[in-house]
There are 2 protein chains.
Amino acid sequence: MSKRAAPEARRAELIAATARVLAARGAAGASVRVIAAEAGVSPGLVTHHFGGVERLVEATYDHVAAQVSEALEVAVAAASESPRARLAAYLDASFAPPIADPALLATWIAFWSLAQGGAAMQASHARHYAGYRARLEVLLAEAGVAADQRRMAAVGLTALVDGLWLELCLSPGAFSAAEARAAVAGYLAAV
Amino acid sequence: MSKRAAPEARRAELIAATARVLAARGAAGASVRVIAAEAGVSPGLVTHHFGGVERLVEATYDHVAAQVSEALEVAVAAASESPRARLAAYLDASFAPPIADPALLATWIAFWSLAQGGAAMQASHARHYAGYRARLEVLLAEAGVAADQRRMAAVGLTALVDGLWLELCLSPGAFSAAEARAAVAGYLAAV
DNA sequence: GTGATTGTTGCACGAACGTATAACAACGCC
DNA sequence: GGCGTTGTTATACGTTCGTGCAACAATCAC
């Protein structure tokens, strides 16, 4: 039996275990029993702390999305103070660890597939992507992009980065991370 | 009881039923019983004709991928003879029916999530995407793009179109199909 | 120390899963 | 018309699923 833990700590453990299971086995493997075994606890704990698997997966989505946003901010903070460099760092971070990771893609695909029937998951997705685009528009503004062009630039850049990230993780042999960065740089130059 | 049918016809019916189930209920709903009910036959027929659900889903992937390719070719054929118009038609077709369809995205996500553990599905995906990029490179060549720039242009355009298509289906409110076409046109102008 | 609170376990339950198998029925062949 | 071939159904089996529940145990208040 696992030692008694504070509710928040146990919830965090279960969320981390869910993320690991999702990455390793996909949506099909994310069962209560598998997740509980990964966390080293009894299956009943999932119901006790989250009231159901669905709620646990939603919480895991929010957690992983926050981790992604944080990784992108870390990349921006590590860049020089030049607005252009900060923008490039934000975009290029998607092609380097920990973002460019097949395990993260597997997790993301699992979320997408589980979002099919869940309104809460769809809302979380919309919020996350809107946040990504909003952050991008701020960086574009700081880099001197005209106000009336920022929205479409953000839409296009988000789509381009997403598509490159997806294919980079899905079939790594098609092109390299450096080529992905070059493609983004080309698009950026056209804006 | 369903009338006796030729093996090929029955296989086609089961594949069509699987595509409908995948679109409507996602990967989680693609069970033998649900698919068989959708096709109006007994569950045992899946094993009899395909030897298992996994094989049936693989066959469905190939079928849907072929339908997508065909829809893109129809769009190209409907365009004027100008190489630029044919290229634009090929790219823009992703933002109009039957490609820009949330049901098709649901099907595609289901394939991705099911491909996690299946080597055959991964191979099918790699083949389909390579075919898409190869066709794109031909259209780029006909439109006058230099040989040494075609590959990266195809990679970038594929990623951009994919990202826009994904987000267009996933959260239709973020931007319009016309804006997606404009983003692609902008990228194309930069090449 | 003692009692109350509550995190945790183990099990039971009904439902759904994939598949194997035997019986049935429709079609082609002679 | 009878017969073999084979598409089709219905059922059964073992497994896994999510969840509810009673019992257990660790912590805290006093």
Side-chain angles (χ1 to χ4, degrees), chain A residues 1-18 20-22 24-61 110-111 113-121, chain B residues 1-18 20-22 24-61 110-111 113-121:
Chain A
M1 170 175 171
S2 207
K3 295 212 63 164
R4 189 191 186 108
E8 310 153 23
R10 189 63 84 197
R11 284 173 56 97
E13 280 178 28
L14 283 169
I15 287 174
T18 305
R20 286 196 299 272
V21 169
L22 247 29
R25 310 177 44 161
S31 74
V32 173
R33 286 171 174 81
V34 171
I35 291 171
E38 173 71 27
V41 298
S42 156
L45 266 197
V46 171
T47 304
H48 183 258
H49 282 295
F50 290 90
V53 190
E54 195 171 331
R55 240 81 61 82
L56 172 54
V57 172
E58 288 168 16
T60 306
Y61 178 94
F111 287 138
S113 85
L114 293 171
Q116 281 303 118
M121 291 279 300
Chain B
M1 168 174 171
S2 207
K3 295 212 63 165
R4 190 191 185 107
E8 309 153 24
R10 189 63 84 196
R11 284 174 55 98
E13 280 178 27
L14 283 168
I15 287 174
T18 304
R20 287 195 301 271
V21 169
L22 246 29
R25 311 178 43 163
S31 75
V32 173
R33 287 172 174 80
V34 171
I35 292 171
E38 173 70 29
V41 298
S42 155
L45 266 197
V46 171
T47 304
H48 185 257
H49 283 294
F50 290 91
V53 189
E54 195 170 330
R55 240 82 61 81
L56 172 55
V57 172
E58 289 169 14
T60 306
Y61 178 94
F111 287 139
S113 84
L114 293 170
Q116 282 302 119
M121 291 279 299

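Side-chain atoms are counted along with the backbone in the values below, which use heavy atoms only and exclude waters and symmetry mates.
Not one N or O on the side chain of A:Arg11 forms a donor-acceptor pair closer than 3.5 Å with the backbone of A:Pro7. Within the 3.5 Å criterion, the main-chain N or O of A:Leu45 finds no donor-acceptor partner in the side chain of A:Ser42.
Checked options A:Leu22, A:Ile15, A:Val21; the residue passing with A:Thr18 is A:Leu22 (criterion: side chain to side chain contact (heavy atoms under 4.5 Å, CB included)).
Side-chain contact between B:Tyr61 and B:Leu114: absent, with no pair of heavy atoms (C-beta onward) separated by less than 4.5 Å. For the pair B:Leu56 and B:His49, the minimum side-chain heavy-atom distance is 4.5 Å or more. Two residues are said to be in side-chain contact when any heavy atoms from C-beta on lie closer than 4.5 Å; B:Leu14 and B:Val41 meet this criterion.
Atom CZ of residue B:Arg55 and atom OG1 of residue B:Thr60 lie 13.0 Å apart, to the nearest 0.5 angstrom. Note that CZ of A:Arg10 and CZ of A:Arg4 are 10.5 Å apart. Values are rounded to the nearest 0.5 Å.
Here the C1' atom of nucleotide C:dA16 and the CD1 atom of B:Ile35 are 14 Å apart, to the nearest Å. Residue B:Arg33 contributes atom CZ, which lies 12 Å from atom C1' of D:dT16 at whole-angstrom precision. The interatomic distance linking A:Arg10 (CZ) with C:dT9 (C1') rounds to 11 Å, in whole Å. Remark: C1' of C:dA26 and CZ of B:Arg4 are 5 Å apart, rounded to the nearest angstrom. For the pair B:Glu8 CD and D:dG7 P, the interatomic distance rounds to 11 Å; values are reported in whole Å.
Near DNA chain C, meaning a heavy atom under 4.0 Å from it, residues 44-53 of chain A has A:Gly44, A:Leu45, A:His48, A:His49 in order of number.
Stem regions for DNA chain C, each three or more consecutive Watson-Crick or G-U pairs with both distances under 3.5 Å and listed by first number, read C:1-30 with D:1-30.
Sequence order on DNA chain D of the closest nucleotides to B:Pro43 and B:Pro7 puts B:Pro7 first from the 5' end.
Of the candidate nucleotides D:dT8, D:dC17, C:dT19, D:dC17 has the atom nearest to the side chain of A:Ser31.
No engagement by B:Ala6 is indicated, since no non-hydrogen atom pair under 4.0 Å with the nucleic acid exists.
A:Arg20 is linked by a salt bridge (charged side-chain N to carboxylate O under 4.0 Å, His left out) to A:Glu38, counting only residues two or more places apart in sequence or in another chain.
Close to D:dT8, at under 4.0 Å from its OP1 or OP2, lies no side-chain N or O of B:Ser42.
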